[in-house]
Undergrad: 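Questions regarding the structure given below will be posed in turn.
In this chain, numbering begins with 1 at the start of the sequence shown. In this text the structure is predicted, and so the values were computed from the model without any measurement.
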Amino acid sequence: MASLSLRSIYKKYPGGVVAVSDVNLEIRDKEFIILVGPSGCGKSTTLRMIAGLEEISEGELYIGDRLVNDVAPKDRDIAMVFQNYALYPHMTVYDNMAFGLKLRKVPKDEINRKVEEAARILDISHLLSRKPKALSGGQRQRVALGRAIVREPQVFLLDEPLSNLDAKLRAQMRTEISKLHQKLGTTFIYVTHDQTEAMTMGDRIVVMKDGFVQQVDSPQNLYTNPVNQFVAGFMGSPQMNFVDAVLRKIEDKFTIEFGSEDTKTSRGKKYYVELPESKVDEVVLSDYVDKEIIMGVRPENIHDEEMFLSAAKTGIIDANVEITEMMGAETYLYLNCEGIPLTARVDPRSTARPQDVIKVAIDPNKVHIFDKETEKTIVN
């Protein structure tokens, strides 16, 4: 069994710097879990504490039923794959993969069997006699993975392993690593700052910010039910639109009001999005009536298609098109509405072009509301 338990883990450096604060995490056996967040959020430090490369300042770390705070890295039964591959340049691929086993005095025929099996899984059998300098980035990454596989660890730790690869190779290696996880049936803990990697690979995602865990959930739940504005903005590309607004109660209907109307000059315009019954929690929302809030709406929930515009009762706004990005399967429209920047992800057949003034409809069933002061979610 290779479950992990992190209980109130802290990492404090001299001078009062706290890199990781009160991390509590239960990682199941054979789970693929991803630590994600911006640079400096504490995700790599957390991984290094699991590996034993950083000392834990406070708290307890269990691998299986064993407390490993004071256990040396080599005795933790884990293998780590680094961002820079960390291969020995003077050794062949075979020797790089076999090195750890030789140190452990594993019999030669067993080393041979394990290296060849790992090379077959990773499709690098034809590279075993080459040196790292004769390999591409993707091939070096496979060798680094192979070196971890041959040790047959209980837990794989991967620290931004794809960040040095180009976009096409990254997409390919994402699939390879997911397949590898299924084949090996081992616990994977993977660190990345790339939320696309996180969304496509993980069983669960741990979102971190400033050393604190913000939310731990499945990719889909993080996307649809973020606990706060940070998680909502971090997950998803392009990121969620955030609009300063006020919550009103108009004719017994909770309504989001935004925009800027100058009654003296008749300039500007106010816009309204009426919340559907499914989003209304009378007790919670009553406290926010006539108060400032943040409305969140994802780019795919802003529509310029006629069928949405004709069906919408509220949430239709006028916007200036500033930039269009044709992405092939979709088009991104960068809009400006009363000084509010908005991004819409629309059908590639959209005829909107820069400098056009168009109407778009916000889907009221998909809006999120956040507390302006605490940034916590009020409505998902």
Undergrad: Is the backbone of Ala319 close enough, under 3.5 Å, to the side chain of Asn336 for a donor and an acceptor to pair up by distance?
TA: no

Undergrad: Counting only heavy atoms not in Asp65, do more than 12 fall under 6.0 Å of its CG?
TA: no

Undergrad: Are Asp217 and Arg204 close enough, and set up right, to give a salt bridge (Lys or Arg N to Asp or Glu O under 4.0 Å), and what steps lead you there?
TA: CA-CA 5 Å; Asp217 218 325; Arg204 282 190 305 156; over 6 Å; no

Undergrad: Between Asn228 and Gln214, do the side chains contain a donor N or O and an acceptor N or O under 3.5 Å apart?
TA: yes

Undergrad: Any Lys/Arg nitrogen of Glu117 or Arg120 sitting under 4.0 Å from an Asp/Glu carboxylate oxygen of the other?
TA: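 Looking at Arg120 together with Glu117, the answer is yes, because their closest N to O distance falls below 4.0 Å.
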
Undergrad: Indicate yes or no: does Glu197 engage Arg170 in a salt bridge with an N to O separation below 4.0 Å.
TA: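 Between Arg170 and Glu197 there is a salt bridge, with a charged N closer than 4.0 Å to a carboxylate O.
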
Undergrad: What do the steps show when you test Tyr13 against Glu54 for side-chain hydrogen bond (donor to acceptor under 3.5 Å, both in side chains), and what is the final call?
TA: CA-CA 11 Å; Tyr13 291 106; Glu54 290 274 3; 3.3 Å; yes

Undergrad: For a quick test of reading the model, state the closest non-hydrogen atom pair linking Thr187 to Ala2 and the distance between them.
TA: OG1-O, 2.8 Å

Undergrad: Between Tyr190 and Asp159, is there a side-chain donor-acceptor contact under 3.5 Å, judged purely by atom types and distance?
TA: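 Per modelled atom types, Asp159 and Tyr190 side chains form no pair under 3.5 Å.
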
Undergrad: With no hydrogens and no angle check, just 3.5 Å: does a side-chain donor-acceptor pair link Glu274 and Thr255?
TA: no

Undergrad: Closest approach of Leu165 and Gly137, non-hydrogen atoms and distance?
TA: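 Closest approach of Leu165 to Gly137: CD2-C, 3.5 Å.
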
Undergrad: Using a 4.5 Å cut-off on heavy atoms from C-beta on, say whether the side chain of Glu257 contacts that of Leu247.
TA: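 No, side chains not in contact.
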
Undergrad: Can you check side chain to side chain contact (heavy atoms under 4.5 Å, CB included) on Glu60 and Ile9, steps first, answer last?
TA: CA-CA 6 Å; Glu60 294 177 329; Ile9 296 280; 5.7 Å; no

Undergrad: Backbone N or O of Gly236 within a donor-acceptor pair of the Gln195 side chain at under 3.5 Å?
TA: yes

Undergrad: Taking only Lys NZ, Arg NE, NH1 and NH2, and the carboxylate oxygens of Asp or Glu, determine whether Asp123 and Arg142 approach each other closer than 4.0 Å.
TA: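 Result for this pair is no, no salt bridge flagged.
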
Undergrad: Less than 4.5 Å apart, any side-chain heavy atom of Met240 and any of His368?
TA: yes

Undergrad: Kindly compute the distance separating CZ (Phe82) from CD (Gln141), expressed to the nearest 0.5 Å.
TA: 12.0 Å

Undergrad: With a 4.5 Å limit on heavy-atom distance, are the side chains of Leu342 and Val243 in contact?
TA: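 Result yes, sub-4.5 Å side-chain heavy-atom pair found.
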
Undergrad: Just say parallel, tilted or perpendicular for the rings of Phe234 and Phe230, cut-offs at 30° and 60°.
TA: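 Parallel, since the angle between the ring planes stays under 30°.
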
Undergrad: Which heavy atom of Ala148 sits nearest to which heavy atom of Ala79, and what is that distance?
TA: CB-CB, 3.7 Å

Undergrad: Any side-chain heavy-atom pair from Ile316 and Val360 closer than 4.5 angstrom?
TA: no

Undergrad: Decide ring-ring contact (aromatic ring centres under 6.0 Å, His included) for Tyr272 and Phe258; before the verdict, give the C-alpha distance in whole Å, the side-chain angles of both, and the deciding distance to 0.1 Å.
TA: CA-CA 7 Å; Tyr272 299 90; Phe258 64 97; 8.3 Å; no

Undergrad: At their closest point, which heavy atom of Ile323 faces which heavy atom of Pro354, and how far apart are they?
TA: CA-CG, 4.5 Å

Undergrad: Quick one: do Glu282 and Lys249 make a salt bridge, cutoff under 4.0 Å?
TA: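 Salt bridge flag = yes for Lys249 with Glu282.
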
Undergrad: Closer than 4.0 angstrom, basic N to acidic O: yes or no for Lys102 and Asp95?
TA: yes

Undergrad: Count the heavy atoms belonging to other residues, nucleotides or ligands that lie under 6.0 Å from CD of Glu292, then report whether that count exceeds 12.
TA: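 No, because the 6.0 Å sphere around CD of Glu292 holds 12 heavy atoms or fewer from other groups.
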
Undergrad: Got a salt bridge between Asp304 and Lys359, using NZ or NE/NH1/NH2 to carboxylate O under 4.0 Å?
TA: no

Undergrad: Strictly distance-based, threshold 3.5 Å: is any side-chain N or O of Arg76 a donor or acceptor partner for the main-chain N or O of Ile50?
TA: yes

Undergrad: Would you mind reporting whether Asn24 and Leu6 have side-chain heavy atoms less than 4.5 Å apart?
TA: no

Undergrad: Could you tell me how the ring of Tyr88 sits relative to the ring of His90: parallel (under 30°), tilted (30 to 60°) or perpendicular (over 60°)?
TA: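 Tyr88 and His90: perpendicular rings.
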
Undergrad: Would you compute the distance between atom OH of Tyr85 and atom CG of Leu87 and round it to the nearest 0.5 angstrom?
TA: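 It is 9.0 Å, given to the nearest 0.5 Å.
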
Undergrad: Would you confirm whether Asn241, through its side chain, and Gly296, through its main-chain N or O, come within 3.5 Å as a donor-acceptor pair?
TA: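 It does not hold such a pair.
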
Undergrad: Side chain to side chain contact (heavy atoms under 4.5 Å, CB included) between Met97 and Ile124: does it pass, once the steps are laid out?
TA: CA-CA 11 Å; Met97 289 169 69; Ile124 53 173; 4.0 Å; yes

Undergrad: Kindly assign one of parallel, tilted or perpendicular to the pair His303 and Phe308, based on the angle between their ring planes and the thresholds 30° and 60°.
TA: parallel

Undergrad: Treat each ILVMFWY residue as a node, draw an edge where side-chain heavy atoms are under 4.5 Å apart, and state whether Tyr334 and Val357 are in one component.
TA: no

Undergrad: So do Pro132 and Asn96 actually touch side chain to side chain, heavy atoms under 4.5 Å?
TA: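 Yes; the side chains approach each other to less than 4.5 Å.
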
Undergrad: Taking a hydrophobic cluster as the set of Ile, Leu, Val, Met, Phe, Trp and Tyr residues connected by side-chain heavy atoms closer than 4.5 Å, whether directly or through intermediates, do Leu145 and Leu128 fall within one such cluster?
TA: yes

Undergrad: Is there a side-chain contact between Phe32 and Gln182 (heavy atoms, below 4.5 Å)?
TA: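 The answer is no, as the side chains (C-beta and beyond) never meet within the 4.5 Å cut-off.
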
Undergrad: Salt-bridged, Lys168 to Asp166, with N to O below 4.0 Å?
TA: no

Undergrad: Decide if atom NZ of Lys372 counts as having more than 12 heavy atoms of other residues, nucleotides or ligands within a radius under 6.0 Å.
TA: yes

Undergrad: Please confirm whether the backbone N or O of Thr196 pairs with a side-chain atom of Thr200, one donor and one acceptor, at under 3.5 Å?
TA: yes

Undergrad: Which word best sums up how the rings of Phe188 and His181 line up, parallel for under 30°, tilted for 30 to 60°, or perpendicular for over 60°?
TA: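 Because their plane-to-plane angle is over 60°, the rings of Phe188 and His181 count as perpendicular.
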
Undergrad: Looking at Asn69 and Tyr62, would you say the former's side chain and the latter's main chain have a donor-acceptor pair under 3.5 Å?
TA: no

Undergrad: Strictly distance-based, threshold 3.5 Å: is any side-chain N or O of Thr92 a donor or acceptor partner for the main-chain N or O of Ser129?
TA: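 The answer is no, because no donor-acceptor pair under 3.5 Å joins these two groups.
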
Undergrad: Would you call Asp77 and Arg151 a salt bridge, using N to O less than 4.0 angstrom?
TA: no

Undergrad: Verify, without hydrogens or angle tests, whether Gln215 (side chain) and Asn225 (backbone) share a donor-acceptor contact under 3.5 angstrom.
TA: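 Checked: pair present.
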
Undergrad: Between Tyr288 and Asp371, is there a side-chain heavy-atom distance shorter than 4.5 Å?
TA: yes

Undergrad: CE of Met199 to CD of Gln220: how many Å apart, nearest 0.5 Å?
TA: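 These two atoms lie 6.5 Å from each other.
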
Undergrad: Measure from the side-chain N and O atoms of Asp356 to the backbone N and O of Arg353, and report whether any donor-acceptor pair falls under 3.5 Å.
TA: yes

Undergrad: Begin with the C-alpha distance, continue with both residues' side-chain angles, and end with the deciding distance and a verdict on side chain to side chain contact (heavy atoms under 4.5 Å, CB included) for Met201 and Ile177.
TA: CA-CA 8 Å; Met201 294 170 79; Ile177 290 174; 3.6 Å; yes

Undergrad: With side chain to side chain contact (heavy atoms under 4.5 Å, CB included) as the test, would you mind laying out the steps for Met49 and Val20 before giving the verdict?
TA: CA-CA 10 Å; Met49 284 193 284; Val20 174; 4.0 Å; yes

Undergrad: Can you see whether Glu116 engages Tyr94 through a side-chain donor-acceptor pair at a distance of less than 3.5 angstrom?
TA: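 On atom types as modelled, these side chains do not qualify, holding no pair under 3.5 Å.
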
Undergrad: Could Lys114 and Glu152 be called an ion pair, given the rule that one side-chain N must be under 4.0 Å from one carboxylate O?
TA: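 Yes, Lys114 and Glu152 are salt-bridged.
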
Undergrad: Inspect the surroundings of CD in Gln172 and state if more than 12 heavy atoms from other residues, nucleotides or ligands are less than 6.0 Å away.
TA: yes

Undergrad: So does Ala232 get a backbone contact from the side chain of Arg298, meaning a donor-acceptor N/O pair under 3.5 Å?
TA: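 Looks like yes, one N/O pair under 3.5 Å.
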
Undergrad: Looking just at side-chain N and O atoms, do Glu160 and Thr192 make a donor-acceptor pair shorter than 3.5 Å?
TA: no

Undergrad: Is the NZ atom of Lys279 crowded by more than 12 outside heavy atoms at less than 6.0 Å?
TA: yes

